[in-house]
Every structure is written in structure tokens, then in C-alpha cells.
Amino acid sequence: MSKEFSRTQRVSQQLQKELAVILQREIRDSRIGMVTISDVEVSRDLAYAKVFVTFLCVGEQTPESSLNALKEHEAHVRMMLGKRIRLRLTPEVRFTYDNTLVEGMRMSNLVSEVVSNDKNRAQKAGRDVEGDEE
């Protein structure tokens, strides 16, 4: 019988939890703002962890500036992670901006725009928009 979750999946879930706590409570940098960890991908040998983050930017903050500020803390975050998780080797943490939320919103807006354009064209052509269409 195969395992339900592999070791790398379990480690990535635990890393995500611990990193969220570390970034929320331990890292005090106003340039970062509110950060959300959307996913963590761990290499098979558990040596590297690719951490996907999104930011809630306030004022003059941009995702790029927040990511650069977060990258300055990678070594410190790895050290704190090593104290919290018992692994033979603490993974090297690499932060990456996750733009799937922004892309999803963009795609949703495009679909909404196309649907409204279709309704407008149908109304101009004199067809019943809510009626049965083939």
C-alpha cells in the first residue's frame, strides 16, 4: 500500500506553517508589509525550499520591493527555521513572488468583459439576451 503523502509533501506543509509564524512574529521589517505564503516546494533531497509569497502592499510598497526586502532576510529565516524544525539538513529558503492571484483576477476581468460585450452586441442586434440561445 502506497503512502498517502510523501515525505517531501509533509516537510513542505510543515515548512509553510513554520515560515508563516516566523514571518508574522519574528521578522520586523516595515518594507515587507503583510506577506502570505501560498505554497512551498521542497526539493527531493530536502536541501532547497522554494517559498511562493504574495504581498498586501500598502502605500508606496510594491511586490518587487517587498520581495527584495524579504530576500535580505533569507539567511536569518533559515537559521530560525533550523531551530524550530528537527531535520538533518535545514533547507535553503528561496522566496519567489507568486503572481497567480493577480493573473487569476486579470483572467476573471477579461472573461467578464467579454461576456458583457457579447450581451451588448446581442442587445444591439435585437436578440433576447436572457432567452433561449442555441
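Just the heavy atoms: all of them, side chains too, but no hydrogens, waters or symmetry mates, feed the values below. The model shown is predicted, which means the values in this text are computed figures rather than measured ones.
Lys124 places none of its side-chain heavy atoms less than 4.5 Å from the side chain of Arg121. The closest side-chain heavy-atom distance from Arg31 to Asn68 is not below 4.5 Å. Side-chain contact between Leu46 and Arg88: absent, with no pair of heavy atoms (C-beta onward) separated by less than 4.5 Å. Side-chain contact between Pro91 and Leu15: present, with at least one pair of heavy atoms (C-beta onward) separated by less than 4.5 Å. Between Leu67 and Val53 the shortest side-chain heavy-atom distance falls below 4.5 Å. Residues Phe52 and Glu41 meet the side-chain proximity criterion, which asks for heavy atoms closer than 4.5 Å. For the pair Phe95 and Val77, the minimum side-chain heavy-atom distance is below 4.5 Å. Annotation: side chain of Leu70 is in contact with side chain of Leu23 (closest heavy-atom distance under 4.5 Å).
Heavy atoms only, all atoms of each residue included: Leu81 and Val93 are closest at CD2-CG2, 4.0 Å. The shortest heavy-atom contact between Ala20 and Ile37 is N-CD1, 3.5 Å. Across all their heavy atoms, Ile32 and Ser66 have their closest contact at O-OG, 3.4 Å. What you find for Ser65 and Thr62 is that their closest heavy atoms are OG-O, 2.9 Å. Taking every heavy atom of both residues into account, Arg84 and Ile22 meet most closely at NE-CG1, 3.5 Å.
Surrounding CE of Met105 are at most 12 heavy atoms belonging to other residues, nucleotides or ligands under 6.0 Å away.
The existence of a salt bridge linking Glu103 and Arg106 is confirmed by a sub-4.0 Å separation between a basic side-chain nitrogen and an acidic carboxylate oxygen. Salt bridge annotation for Glu26-Lys83: absent, with no cationic side-chain nitrogen under 4.0 angstrom from a carboxylate oxygen.
The distance from the CZ atom of Arg7 to the CD atom of Gln9 is 13.0 Å, given to the nearest 0.5 Å. For the atom pair OG1 of Thr54 and CE of Met34, the computed distance is 9.0 Å after rounding to the nearest 0.5 Å. The distance from atom CG of Asp39 to atom CD of Gln13, rounded to the nearest 0.5 Å, is 10.0 Å. To the nearest 0.5 angstrom, Lys17 atom NZ is 12.5 Å from Leu19 atom CG. Atoms CD and CD, from Glu74 and Glu92 in turn, are 7.5 Å apart once rounded to the nearest 0.5 Å.
Without hydrogens or angle criteria, Ser112 side chain to Ser108 main chain gives a donor-acceptor distance under 3.5 Å. Looking at Arg78, its side chain does come within 3.5 Å of a backbone N or O of Thr90 through a donor-acceptor pair. With Thr36 contributing its side chain and Phe55 its backbone, the two residues share no donor-acceptor pair below 3.5 Å. Under the 3.5 Å distance criterion, the side-chain polar atoms of Thr8 are left unmatched by any main-chain donor or acceptor of Val42.
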